[in-house]
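What follows is a short report on a single structure.
For this chain, numbers begin at 1 and follow the sequence in order.
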Amino acid sequence: MSTFPSDIEIAQNATMSHIKDIAKKINISEDDIEFYGKYKAKLPLNLQQENPKGKLILVSAMSPTKYGEGKTTMSIGLTDGLNYIGKKAIAVLREPSLGPVFGLKGGAAGGGYVQVLPMEDINLHFTGDFSAIEKANNLLSAVIDNNLQNTKYSLNLDPKSIAWKRVMDMNDRSLRQIIIGVGAKANGIMREDGFNITPASEVMAILCLAKDLEDLKFRLGNIFVGKTLDGKAIFARDLNVVGAMATLLKDAIKPNLVQTIDGNPAILHGGPFASIAQGTNTAIATKMGLSLGDYVVTEAGFGADLGAEKFLHIKCEQSGLKPDAVVLVATIRAIKHHAGLAAEDFKTENVSAIEKGFCNLEKHIENMQQFGLNPVVCINAFPDDTQAEYDKLKELCVTKGVSAIVSTAFAQGGKGSAEVAQKVIEEIEKGTANYKPLYQPSDSIEYKINVVAKTIYGANSVEFSPKSKAQLKMINDLGFSHFSVCMAKTPASFSDNEKLIGRPTNFDITVREFEIASGAGFIVPLLGEVMRMPGLPPVPNAERIDIDNNGVITGLS
């Protein structure tokens, strides 16, 4: 492993092609793109085909640790690796949220010599998609509260039944539960409300699942708002605001074209978290990538128990997409973490810890195999790894019927992922991928939750709080039992307790409450203590970010 400058210095020193030249690589005319400066562009919706011919590669990972496993980095690296071996590949990824950028994780545009550029723009406001989603969400909130005090056009909405929350793309725990309408009568009806983070907005989920503008409007109209005082369900369409919401999203629905450091095309679009939403980029962007390239590399957030499960049960089922290959990212230090080692012990060779911590990766491998998909394990190399540790991890993977390949893309770019790319191509050419869901729409919500909890997590049973039982009855009464389930839980463990690392056994999970996303077509069971508005850590990454008089930004990586 070589020594190299910081991620931000690498990104700033990288030579970027004009975006029109990146577009040419995938046969897009300059006249078909909307320029956002020299290095960013919006792509028109007509570039997507309903049944594209490209091959879809899903990148997921073992359960994440606070040290970062590099799933986005490896996704970009695999894209560059495929192009390095002569394939026409496109990365199709999510856009970063300002929550992690200013919070714990920092930026989300890759790392080392496998980043998407312009990194600073992508990590900040980019093309304004998140802002548009936030505004559309909060427009509905404003209209709801306006209707509550509108005596002439009132829908007779029960303030206590309102399920719709405001959103903001920032980690701010103080906004989770608030009182609005305080003060004079003109300030509105006083009631309890709260904020989710923008990636958890149902508008974000809808944008990521919509087929086109017409479908977007249909889904927005199906957003469940609450009930009238006499028990009638109220949806966004009843408030006559769908057209305005869609208008705010008229540009946000178009995917964004950028590039990797190696000069390969990357499409970024949408950005839901996998711990609290479906955790994948838009169906439009994925189909567009498959229409323009021979291979698309896309990722699903956090571990395969969250992002990949939701990709397969929500995105695939609603869009008709099916992965042709799956890659699971692993690191030696994450394996050691799940063996129970402390961070200060990661740098010391410990082959026995690889054997002990493999249980976590093993369960993720088994989960993908249950979906009919045999993954390739991509080992993201770090300087303190040893060959003996690699050899042991590869040996353990062979016992599960999968190959494990080391990627040095972080330090070497696409060349460092060439071997992983070749192995993925071999898996695709075998033609053995046979995706099948683990539950059907006709199954009950309870059954779907139990399938995910017991089959994917390994739980003994599922317990429902009194509040969730009442909400479940309402969900069934509303006719929403055919929806998918989008489990919201800690990403740090297969369980709903982040302290249970490795492959926990003999545990139960608890559904605390539900949120309804009827426009997106799924129900969100909230497990354990997970929150849909995160908080900042004691020392947030925001304290490290700065800009000098020449406009040079530091601390984003």
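Not a single donor-acceptor pair under 3.5 Å links the side chain of Asn476 to the backbone N or O of Lys473. For Arg532 (side chain) and Leu526 (main-chain N/O), no donor-acceptor pair under 3.5 Å exists by modelled atom type. With Glu317 contributing its side chain and Pro441 its backbone, the two residues share no donor-acceptor pair below 3.5 Å. Judged by distance alone, the side chain of Asp496 and the main-chain N or O of Ile509 form no donor-acceptor pair under 3.5 Å. Side-chain atoms of Asn138 never come within 3.5 Å of backbone atoms of Arg166 as a donor-acceptor pair (strictly under, hydrogens ignored). Without hydrogens or angle criteria, Glu202 side chain to Ser518 main chain gives a donor-acceptor distance under 3.5 Å. Between the side chain of Lys287 and the backbone N or O of Lys211, no donor-acceptor pair lies under 3.5 Å. Gln471 places a side-chain N or O within donor-acceptor distance of the main-chain N or O of Phe514, the cut-off being under 3.5 Å. Between the side chain of Lys40 and the main chain of Asp121, no donor-acceptor pair closer than 3.5 Å is present. Side chain of His313 to main chain of Leu438: a donor-acceptor pair is present (N/O by atom type, distance under 3.5 Å, no hydrogens or angles).
Closest of all the heavy-atom pairs between Pro323 and Leu312 is CG-CD2, 3.7 Å. Here the shortest heavy-atom pairing between Ile22 and Val258 reads CG2-O, 3.6 Å. Between Pro199 and Phe130 the shortest heavy-atom distance is CG-CE2, 3.9 Å. Minimum heavy-atom separation, Gly414 to Asp80: CA-CB, 3.5 Å. Considering every non-hydrogen atom in both Met368 and Ala304, the closest pair reads CE-CB, 4.0 Å. Nearest heavy-atom pair, Cys208 versus Gln278, reported as atom, atom and distance to 0.1 Å: CB-NE2, 3.6 Å.
Dense packing is recorded around NZ of Lys165, with more than 12 heavy atoms of other residues, nucleotides or ligands lying under 6.0 Å away. Enclosure of atom NE2 in His125 is not indicated, since only 12 or fewer non-hydrogen atoms of other residues, nucleotides or ligands lie within 6.0 angstrom. Heavy-atom neighbours of Lys88 NZ from other residues, nucleotides or ligands within 6.0 Å: above the threshold of 12. The 12-atom threshold is exceeded at NZ of Lys436, counting heavy atoms of other residues, nucleotides or ligands nearer than 6.0 Å. The number of heavy-atom neighbours closer than 6.0 Å to CZ of Phe218, taken from other residues, nucleotides and ligands shown, is 12 or below. Shown here is Glu498, whose CD atom has no more than 12 heavy atoms of other residues, nucleotides or ligands within 6.0 Å.
For the pair Tyr457/Val452, a side-chain contact is recorded, criterion being any heavy-atom separation below 4.5 Å from C-beta on. Side chains of Leu47 and Ser291 form no contact here, defined as non-hydrogen atoms less than 4.5 Å apart. Residues Ser60 and Leu328 are in side-chain contact: their nearest non-hydrogen atoms beyond the backbone lie under 4.5 Å apart. Considering only heavy atoms from C-beta on, Tyr84 stays 4.5 Å or farther from Ser417 through its side chain. At a threshold of 4.5 Å between non-hydrogen side-chain atoms, the residues His269 and Leu43 do not count as touching. The side-chain heavy atoms of Ile223 and Ile206, taken from C-beta on, include a pair separated by under 4.5 Å. By the 4.5 Å heavy-atom criterion applied to side chains, Ile197 and Pro534 are counted as neighbours. Between Val327 and Met74, the closest side-chain pair of non-hydrogen atoms is not below 4.5 Å.
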**Report entry** Trace of the side chain to side chain contact (heavy atoms under 4.5 Å, CB included) decision for Gln369 with Asn374
**Finding:** CA-CA 5 Å; Gln369 290 172 335; Asn374 205 44; 2.7 Å; yes

Report task. Walk me through it: do Asn196 and Glu515 pass the test side chain to side chain contact (heavy atoms under 4.5 Å, CB included)? Result -> CA-CA 12 Å; Asn196 288 330; Glu515 290 194 8; 3.8 Å; yes

Requested in this report: Let me see the working for Phe494 and His364 under ring pair (Phe, Tyr, Trp, His ring centres under 6.0 Å), right down to the final yes or no.
Outcome: CA-CA 10 Å; Phe494 281 110; His364 288 292; 4.5 Å; yes

Requested in this report: Could you go through the salt bridge (charged side-chain N to carboxylate O under 4.0 Å, His left out) check for Asp215 and Arg219 one step at a time?
Outcome: CA-CA 6 Å; Asp215 189 38; Arg219 289 172 176 271; 3.0 Å; yes

**Report entry** Residues Asn281, Lys315; criterion side chain to side chain contact (heavy atoms under 4.5 Å, CB included); working and verdict
**Finding:** CA-CA 9 Å; Asn281 64 282; Lys315 182 172 180 175; 3.5 Å; yes

**Report entry** Pair Val203-Leu140, side chain to side chain contact (heavy atoms under 4.5 Å, CB included): steps then yes or no
**Finding:** CA-CA 10 Å; Val203 177; Leu140 178 55; over 6 Å; no

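Residue Trp164 holds its CH2 atom at 12.0 Å from CD1 of Ile516, rounded to the nearest 0.5 Å. The structure places CD of Glu366 at 10.0 Å from CG of Leu361, a figure rounded to the nearest 0.5 Å. Here the NZ-OG distance, from Lys423 to Ser407, works out to 15.0 Å after rounding to the nearest 0.5 Å. Interatomic distance, Thr198 OG1 to Phe273 CZ, rounded to the nearest 0.5 Å: 9.0 Å. To the nearest 0.5 angstrom, Leu56 atom CG is 7.0 Å from Cys316 atom SG. In this structure, Glu95 CD and Met204 CE are separated by 7.0 Å, a value rounded to the nearest 0.5 Å.
Residues Asp262 and Asn83 bring no donor and acceptor atom of their side chains to less than 3.5 Å of each other. Counted by atom type alone, Gln440 and Asp443 present zero donor-acceptor pairs between their side chains at under 3.5 Å. In this model, a donor atom of one side chain and an acceptor atom of the other lie less than 3.5 Å apart for Asn137 and Ser201. Looking at Asp251 and Thr127, their side chains never bring a donor and an acceptor atom within 3.5 Å of each other. Looking only at atom types and distance, the side chain of Arg237 has a donor-acceptor partner in the side chain of Asn222 under 3.5 Å away. Between Ser481 and Ser444, the side chains place no donor N or O within less than 3.5 Å of an acceptor N or O (distance only, hydrogens not considered).
Shown are Leu45, Thr282, Asp129; of these, the side-chain contact (heavy atoms from CB on, under 4.5 Å) with Ile253 is made only by Leu45. Just one of Gln49, Gln48, Lys254 meets the side-chain contact (heavy atoms from CB on, under 4.5 Å) condition when paired with Met288; it is Gln48.
Annotation: cation-pi pair Lys310/Phe522 absent, no NZ/CZ under 6.0 Å from the ring centroid and within 45° of its normal.
In this view, His18 and Phe35 satisfy the ring-ring contact (aromatic ring centres under 6.0 Å, His included) rule, not counting sequence neighbours.
For the pair Asp305 and Lys489, the salt-bridge criterion is met [side-chain N within less than 4.0 Å of a carboxylate O].
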